[in-house]
Amino acid sequence: MSETAAAIRAEFTKVWCVRGTFAALLLFAPISVLVAALDGWSARSALESGNSQLRDGFTPEQAGLDGVLYGQLALIAFGVLVFTNEYGSGMMRVSLLAVPRRGRLYAAKIAVVAVAATVVVVPVTVVSFLVTQLALGPYGVPISSAGVPRAVAGAGVYLTLMSVFAASTAAMARSAVLPLAILLPMVLAGTHILSVIGATKDLARYFPDQAGAEMLTVGSSDAYTGFAVLLAWTATALLCGGLRHRRWDA
Amino acid sequence: MIEVLDLTKRYGPRPVVDGLTFAVRPGAVTGFLGPNGAGKSTTMRMMLGLTRPDSGSARIGGRAYQDLRYPARHVGALLETSAPHRGLTAAHHLLWLAQSNRIPRRGVGEVLDRVGLTGAARQRVGTFSLGMGQRLGLAAALLGDPPVLVLDEPVNGLDTEGIRWLRELLRTMAAEGRTVLVSSHLMTEMSMVADHLIIIHRGRLLVDTSMPDFIRRHGRTYVRVRTPDPRGLRRELERKGASLTLAPDGALEVDGLSAAEISRSAALGGFTLEELSTHAGSLEDTFLRLVGTEGAGTHV
């Protein structure tokens with residue numbers, strides 16, 4: 001166990017000390033908070049001017065979680081970079097010389113992604129929610145409103161799982177291009193488009209981001225189903241990434 | 001002690017390492033020699049658990065590399081294909097390495113000092129020259145004060161002073177009773193530092209012997225002769241059983257006769273000699289001849 005603990009400690013040092021990785025992780029905060037503020041301001045002016053530019057089903061409670069949905073792009077990049085930084089250079093071989101048990105190195109990297117993501121996700125999600133409400137002014141709601149605490153907690157779990165999901169897909173692909181080219185458009189627009197088209201609507205619900213989105217939908221009755229689906233995606237990706245990492249002929 | 005037992009690795013149908021068996025003993029610098037593509041790096045990667053052999057095994061101190069507890073304390077490794085991330089500073093790279101193997105933090109400063117990189121400790125690896133990168137790789141290998149060193153082409157990229165420093169380091173490590181395995185594709189480099197020699201070619205073992213023994217058995221000596229009538233002398237000496245080659249400058253290189261014997265034959269035949277000298281063939285030539293003939297043999 002202590003060997004694993006040592007490996008985890010070393011992986012944390014890498015995250016702090018490799019510029020790109022750390023920057024991606026930190027970027028989650030300003031993106032989320034900025035979008036949260038803009039979201040609140042624009043909604044407020046729309047409400048005040050009485051025009052109907054607001055989305056269907058707008059609620060101040062839900063708007064409070066829009067920021068982190070954009071911020072997750074940075075988290076996905078972070079999860080991907082933790083692996084592809086090393087495959088891209090000769091670093092993964094150095095890592096394997098230091099920690100030759102493949103499973104141990106993989107587990108240490110995943111653990112660091114999960115922990116580092118959690119550490120930034122929890123405060124940033126709460127702050128983003130509060131910032132949106134502040135920007136909404138008189139239309140803002142307290143964080144203790146019905147359904148909000150569960151949705152905020154759900155957002156935290158969702159974002160952490162997505163980071164881990166991204167990291168494991170990077171371990172599968174061993175290159176940043178493919179995972180980023182699939183994951184970023186997916187969470188931005190892709191499956192949202194699928195969910196609007198009638199034919200693919202039912203299918204889109206089972207994509208990781210759409211399923212996970214139920215977790216941070218205030219008052220959703222499918223939150224736990226969504227959690228289960230995203231968990232299944234993540235577990236599968238973890239397993240595939242682990243197998244691929246294990247078989248890699250360095 | 002490193003033991004390699006019947007190690008085999010194929011990429012496609014061609015075996016890159018083919019039933020290789022040898023042992024590397026402590027207290028000596030062992031040169032691991034072979035032309036490019038002979039299978040040296042693949043063998044070393046298998047020793048270090050990076051590549052899985054198709055059959056056979058490699059053990060370090062009686063255990064597979066993956067089974068070593070905190071391996072950096074047992075084996076210091078430098079591979080051509082392994083490199084730190086460009087965005088890390090030298091000190092941070094060594095720091096995470098130290099942490100991963102529970103090596104005290106002060107070790108980082110010590111090895112940086114030892115390889116002469118103290119001034120570049122906070123510099124990012126991406127800005128390093130080839131030689132500095134090589135020194136950092138050696139620092140990483142020395143970090144855990146390991147009893148075994150496995151270094152793949154460590155001379156690459158080092159300047160003259162660096163090469164001299166490395167030779168000194170390797171000799172010191174061996175004198176301290178450590179096991180030192182160093183690969184190279186240059187015989188000359190090996191002859192200056194190695195006590196023992198392992199030569200492989202096309203994945204097979206060609207030579208496994210001590211350096212002095214190798215020189216005694218394979219070092220070629222020949223006699224250079226210059227005469228106004230090379231054709232006549234050549235006929236004369238060939239009759240005595242010598243084999244001759246014509247050097248580019250017109251002199252004859254004679255194998256199989258001593259200078260005294262050649263002098264006697266020349267006097268008897270009435271040949272004038274303008275030059276008569278005994279030479280030891282370079283080990284590089286010997287090495288090239290060895291892998292050349294072996295190569296020709298395998299082709300057929």
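Letters A, B, ... are given to chains in the order of the sequence lines, protein chains preceding strands, and every chain is numbered from 1. Below, each value reflects all heavy atoms present in this structure, side chains not excepted, and no hydrogens, waters or symmetry copies.
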Restricting to non-hydrogen atoms, name the atom on Val229(A) and the atom on Tyr206(A) that form the minimum distance, rounded to 0.1 Å.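 Heavy atoms only, the tightest pair is CG1-O, 3.8 Å.
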Could you tell me whether the side chain of Trp96(B) reaches within less than 4.5 Å of the side chain of Cys17(A), counting heavy atoms only?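 Heavy-atom side-chain distance check fails, nothing below 4.5 Å.
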With a 4.5 Å limit on heavy-atom distance, are the side chains of Leu181(B) and Leu149(B) in contact?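 No, side chains not in contact.
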For the candidates [options], which exhibits the highest count of non-hydrogen atom pairs separated by less than 4.5 Å from chain A?
options                       : value
His92(B), His85(B), Gln66(B)  : His85(B)
Ala72(B), Pro71(B), Gly49(B)  : Pro71(B)
Arg124(B), Arg45(B), Arg86(B) : Arg124(B)

Could you tell me whether Asp67(B) and Arg101(A) have a side-chain N and a carboxylate O separated by less than 4.0 Å?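 Salt bridge present between Asp67(B) and Arg101(A).
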State whether Trp165(B) and Arg114(B) meet the cation-pi test: NZ (Lys) or CZ (Arg) under 6.0 Å from the six-membered ring centroid, and within 45° of the perpendicular axis. no
Select one option (side chain, backbone, both, neither) describing which atoms of Ser95(A) are under 4.5 Å from chain B's heavy atoms.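 Both parts, backbone and side chain.
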Quick check on Trp248(A) against chain B: is it the side chain, the backbone, both or neither that has a heavy atom closer than 4.5 Å?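 For Trp248(A), the contact with chain B is made by the backbone alone.
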Proximity breakdown for Leu48(B) and chain A, heavy-atom pairs closer than 4.5 Å: both
Given heavy-atom pairs under 4.5 angstrom as the criterion, report whether the side chain, backbone, both or neither of Leu78(B) touches chain A. neither
Less than 6.0 angstrom separating the ring centers of Tyr106(A) and Phe83(A), yes or no?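 Yes: the rings meet the under 6.0 Å criterion.
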